[in-house]
Amino acid sequence: MAPSRQAKPSKIVRHALLGLAAAVSLLAGLPAAEAQAPAKQPPAAPQAAPQVAPQAAPQAVPGFWDPRRRPERPDLSRLTVIRFLTETDYPPFNYTGADGNPAGFNVDLARALCDEIKVTCTVQMRRFETLVDALTSNRGDAIIASMAVSPQLRARVDFTDPYYRVPARFASRKDAVMPEIRPEYLEGKKVGVIAGSAHEAYLKAMFTDAELHAYPNDDALRAALRKGEVDFIFGDAISLAFWINGTDSGDCCAFSGGPFVESRFFGEGIGIAVRKGNDVLRQALNWALFRVWEKGRYTDLWLRYFSVSPF
């Protein structure tokens, strides 16, 4: 079975993301916030929907590490080089830079990890579907390519702790933004979603009083929101963040409410894959991920690549 990841943006969006990834300036000093998946509330007395938010929420940076669970520094003496594998065309996470070298959020994070571990780091770009075979045949040591952790992949490779998640979020037109969304707030509202997706399954399970409208793809879904055919759409927050901030949206829309990250529907997160049983490297990367986050370098990278936070 081929490895999985979040939905790949369209060619037009990918080209826009390349320009965005190269042009955004480094931001810093904003608070981190860890997303949590709200549980479905039992039926209660009807509540009025909250007032429309006057402006977008401030940028948020996800935090996936608990400062109370600081990992011990492993024995790094046996590590002299880490050969990272990544994908060729998945901006802003990995792409070919203007100088012809690998670039993107994953690539910069890999280099930060090698800097923390104090080892030489190489990054080789390959087609996504070839990455696991390249790793298991010892043509690389670790895959950092927005690869979603799954039981099927765990049978072939081991993973570090997640270094980001792909949350789900609602988007609405700017004149109807809600700062918070609960099931009771969307009673009778028209909500668009991709047919057959985990997002549709989540809405059917948790937002039972909403009026669901299924669409075949992202383009149709987003067009429905722009035209006012639906009140909200629900989907992959990372793709939605770039759409909201890009030219294709026509500045029509914004996020409503916060992120949903329930693993039963939206996966275990995105990890770095290593060969089965390579605990030395896996533990070293987990330690380095914590250190990079603790020092603020992860926040710097996140704010550099995500001008509109999916969280």
Side-chain angles (χ1 to χ4, degrees), residues 1 3-6 32 34-35 61-87 90 93-94 102 104-126 128 130-166 261 263 266-302 305:
M1 179 175 291
S4 60
R5 59 176 173 203
Q6 61 208 66
E34 182 168 359
V61 178
F64 304 112
W65 297 273
D66 186 345
R68 297 167 298 181
R69 300 180 62 185
R70 181 190 306 274
E72 293 185 6
R73 187 180 189 277
D75 179 8
L76 306 176
S77 60
R78 286 181 284 173
L79 292 177
T80 57
V81 62
I82 301 176
R83 300 171 298 162
F84 277 104
L85 302 170
T86 195
E87 196 202 350
Y90 192 54
F93 293 98
N94 16 259
F105 176 82
N106 285 326
V107 175
D108 285 348
L109 179 59
R111 289 170 176 154
L113 297 176
C114 289
D115 183 58
E116 195 65 43
I117 298 171
K118 309 299 182 192
V119 294
T120 300
C121 178
T122 65
V123 181
Q124 179 189 154
M125 304 183 82
R126 303 177 64 93
F128 186 78
T130 70
L131 291 174
V132 172
D133 286 341
L135 178 68
T136 56
S137 60
N138 198 29
R139 284 172 282 174
D141 301 311
I143 300 171
I144 186 164
S146 297
M147 187 169 286
V149 179
S150 69
Q152 294 81 5
L153 276 177
R154 284 190 184 279
R156 301 185 64 192
V157 299
D158 288 338
F159 281 97
T160 65
D161 298 334
Y163 64 96
Y164 78 89
R165 285 182 175 271
V166 184
V261 294
S263 59
F266 307 124
E268 302 177 49
I270 305 299
I272 301 172
V274 301
R275 279 188 298 281
K276 293 290 289 184
N278 192 350
D279 291 339
V280 171
L281 180 55
R282 183 180 58 80
Q283 291 169 7
L285 291 172
N286 275 335
W287 174 80
L289 281 166
F290 185 93
R291 293 280 292 169
V292 167
W293 168 76
E294 186 177 43
K295 292 179 176 181
R297 297 181 69 184
Y298 182 90
T299 296
D300 290 344
L301 277 178
W302 188 270
Y305 283 99

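The figures here come from the full heavy-atom set of this structure, side chains too, leaving out hydrogens, waters and symmetry mates.
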Problem set entry | Euclidean distance, Arg78 CZ relative to Leu281 CG, rounded to 0.5 Å | 11.0 Å
For this session: Work out which heavy atom in Val119 is nearest to a heavy atom in Val81; give both atom names and the distance.
Result: CB-N, 4.3 Å
Exercise. Leu135 and Gly140: which non-hydrogen atoms are nearest, and at how many Å?
Worked result: CD1-O, 3.5 Å
Exercise. Rounded to the nearest 0.5 Å, how far apart are CD of Gln283 and CG of Asp75?
Worked result: 10.0 Å
Problem set entry | Minimum-distance pair of heavy atoms, taken over all atoms of Phe84 and Cys121 | CD1-SG, 3.6 Å
Exercise. Any salt bridge between Asp279 and Arg282, counting N to O under 4.0 Å?
Worked result: yes
Exercise. Between OG1 of Thr160 and CG of Asn286, what distance do you get to the nearest 0.5 Å?
Worked result: 5.5 Å
For this session: Would you please say whether a donor-acceptor pair under 3.5 Å links the side chains of Arg126 and Gln124?
Result: yes
Problem set entry | From CA spacing to verdict: side-chain contact (heavy atoms from CB on, under 4.5 Å), Leu289, Leu109 | CA-CA 9 Å; Leu289 281 166; Leu109 179 59; 4.2 Å; yes
For this session: May I ask you to check whether Asn106 and Tyr164 show a side-chain donor-acceptor distance below 3.5 Å?
Result: no
For this session: First locate atom OG1 of Thr122, then atom CD1 of Ile82, and finally report the distance between them rounded to the nearest 0.5 Å.
Result: 9.0 Å
Exercise. Is there a side-chain contact between Leu285 and Leu113 (heavy atoms, below 4.5 Å)?
Worked result: yes
Exercise. Between Met147 and Val157, does a side-chain contact (heavy atoms from CB on, under 4.5 Å) hold up when you go through it step by step?
Worked result: CA-CA 11 Å; Met147 187 169 286; Val157 299; 5.6 Å; no
For this session: Search all heavy atoms of Glu268 against all heavy atoms of Pro162 and return the closest pair with its distance.
Result: O-CG, 3.5 Å
Exercise. So, does Lys276 use its side chain to make a donor-acceptor pair with the main chain of Thr136 at under 3.5 Å?
Worked result: no
Problem set entry | Residues Glu294 and Arg70 bridged, charged N to O under 4.0 Å | yes
Exercise. How long is the gap from CG on Leu301 to CZ on Arg111, to the nearest 0.5 Å?
Worked result: 11.0 Å
Exercise. Can you check whether Thr80 reaches Thr120 side chain to side chain, under 4.5 Å on heavy atoms?
Worked result: no
Problem set entry | Close side-chain approach of Ser146 to Glu87, heavy-atom, < 4.5 Å | no
Problem set entry | Phe159 vs Ile272 side-chain heavy atoms within contact, under 4.5 Å | no
For this session: Considering non-hydrogen atoms only, spot the tightest contact between Trp287 and Glu116 and give its length.
Result: CZ3-O, 3.9 Å
Exercise. Would you say Ile270 and Val149 make side-chain contact, with heavy atoms under 4.5 Å?
Worked result: no
Exercise. Do Leu85 and Met125 come close enough that some side-chain heavy atom pair is under 4.5 Å?
Worked result: no
For this session: Determine whether Arg275 and Asp158 make a side-chain contact, defined as any pair of heavy atoms from C-beta on separated by less than 4.5 Å.
Result: no
Exercise. Will you find, in the side chains of Arg83 and Asn138, an N or O donor that is under 3.5 Å from an N or O acceptor?
Worked result: yes
Exercise. Can you name the closest pair of heavy atoms from Leu131 and Thr86 and give their distance?
Worked result: CD2-O, 3.6 Å
For this session: Please round to the nearest 0.5 Å and tell me the distance separating atom CG of Asp108 and atom CD1 of Ile144.
Result: 10.0 Å
Problem set entry | Electrostatic pair Asp133-Arg139, nearest N-O below 4.0 angstrom | no
Exercise. Once the angle between the rings of Phe105 and Tyr298 is folded into 0 to 90°, is it parallel (under 30°), tilted (30 to 60°) or perpendicular (over 60°)?
Worked result: perpendicular
